[in-house]
Amino acid sequence: MSGTRVVVVDDDILLREGLASLLDRSGFDVVAQAGDAPQLLDLVDRHRPGLVVVDIRMPPSHTTEGLEAAQAIRHQHPDVAILLLSAHAEVEHAMQLLASGEGVGYLLKSRVTDVAEFIETVERVARGGSVVDPALVQELVGVRRRHDPLAALTDREREVLALVAEGRSNAGVARRLWVSEGTIEKHVRSILTKLDLPETGDDHRRVLAVLTYLDRW
């Protein structure tokens, strides 16, 4: 979203400066940067950005300070979109934030290989969408496969669900799988029925419903 005010927080100064520069060149308004979580909370109160991009592991302990700050922001400023951009997969720790509503995303730094695609993802989160790196979804599913809640799904439905969990619309899934949008709609209805989840046309709620369901196991 052109002109969206952004705060960038990462203790790696080269990465932080590079990311801020990229966002600036892409039409975002980077209003502040920080290298630790306490600064982030102060900057959000001061600048009221539309989007925060934050690493999960931050000083001083480099565990989940960034995530905890993001959760505090979501509680105090629910209108601020949050993108977790981390080198580490902390899916289970991030579940509460991912299930908190609109405008939230989680990407692994190592999997960002296309600048245009990354900017498109940032814009989607800033607009209120939800984006989760598919590798994180697969990891969560893999860790809990012995209690697999997806056992009732067909292989095709699993494939559709994985694409839905990436934040794709029915049309986007259909294009990816080279089938009609109507076919995907039928698959989605079947998936939601088998998982005992309510049907909804809201894409981000579908992603959150999938993640919330997996978190029960």
Side-chain angles (χ1 to χ4, degrees), residues 56 67 70-71 74 78 81-86 88-108 110-114 116-217:
I56 287 180
L67 175 59
Q71 290 170 331
R74 178 45 53 102
I82 298 170
L83 175 59
L84 301 172
L85 184 61
S86 180
H88 307 283
E90 301 279 0
V91 183
E92 296 193 59
H93 289 116
M95 284 299 305
Q96 183 179 354
L97 179 64
L98 293 172
S100 65
E102 300 179 351
V104 63
Y106 187 176
L107 297 179
L108 292 175
S110 61
R111 288 176 53 85
V112 177
T113 58
D114 184 286
E117 185 176 325
F118 171 70
I119 293 299
E120 180 182 346
T121 298
V122 176
E123 291 174 343
R124 192 188 312 171
V125 173
R127 287 195 300 267
S130 295
V131 178
V132 181
D133 192 307
L136 298 171
V137 176
Q138 292 300 320
E139 175 172 321
L140 185 58
V141 172
V143 166
R144 302 172 180 189
R145 192 167 299 278
R146 65 181 181 276
H147 301 296
D148 189 0
L150 310 181
L153 304 186
T154 66
D155 289 343
R156 190 57 154 181
E157 287 169 345
R158 286 172 180 263
E159 191 174 11
V160 169
L161 181 57
L163 292 171
V164 168
E166 293 177 26
R168 297 177 188 272
S169 65
N170 286 350
V173 176
R175 286 193 298 270
R176 182 66 176 269
L177 298 180
W178 296 90
V179 298
S180 70
E181 187 173 350
T183 297
I184 298 303
E185 289 174 355
K186 292 178 182 177
H187 281 313
V188 170
R189 283 197 297 271
S190 176
I191 290 167
L192 294 174
T193 297
K194 290 180 179 180
L195 297 184
D196 194 26
L197 296 168
E199 293 188 45
T200 172
D202 192 328
D203 289 334
H204 94 271
R205 289 190 185 278
R206 295 191 305 176
V207 174
L208 296 178
V210 170
L211 293 173
T212 301
Y213 182 83
L214 292 176
D215 191 45
R216 296 174 189 166
W217 297 84

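Just so you know, residue 1 is the first one in the sequence shown, and it goes up from there.
- To the nearest 0.5 angstrom, Arg189 atom CZ is 7.5 Å from Lys186 atom NZ.
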Next on the checklist: Assess the residue pair Val173 and Val188 against the criterion (side-chain contact (heavy atoms from CB on, under 4.5 Å)); give the C-alpha distance rounded to whole Å, side-chain angles, the decisive distance to 0.1 Å, and a yes or no.
Outcome noted: CA-CA 10 Å; Val173 176; Val188 170; over 6 Å; no
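- Thr121 is linked by a side-chain contact (heavy atoms from CB on, under 4.5 Å) to Leu107, Val131, counting only residues two or more places apart in sequence or in another chain.
- Every side-chain contact (heavy atoms from CB on, under 4.5 Å) that Ser180 has, sequence neighbours left out, goes to Thr183.
- Here CD of Glu157 is found 10.5 Å from CD1 of Ile184. Values are rounded to the nearest 0.5 Å.
- Residue Asp114 holds its CG atom at 9.0 Å from CD of Glu120, rounded to the nearest 0.5 Å.
- Residue Asp155 qualifies as open at atom CG: its count of foreign heavy atoms under 6.0 Å is 12 or below.
- Contact record, Ala126 with Ala81: CA-CB, 4.1 Å, taken as the closest heavy-atom pair.
- Taken to the nearest 0.5 Å, the CZ atom of Arg158 stands 14.0 Å off from the NE2 atom of His187.
- Note that CG of Leu108 is 4.5 Å distant from CG of Asp133, once rounded to the nearest 0.5 Å.
- To the nearest 0.5 angstrom, Ser169 atom OG is 10.5 Å from Leu163 atom CG.
- Shortest non-hydrogen contact noted between Leu83 and Phe118 is CD2-CE1, 4.3 Å.
- In terms of heavy-atom proximity, Val104 sits nearest to Val125 at N-CG1, 3.9 Å.
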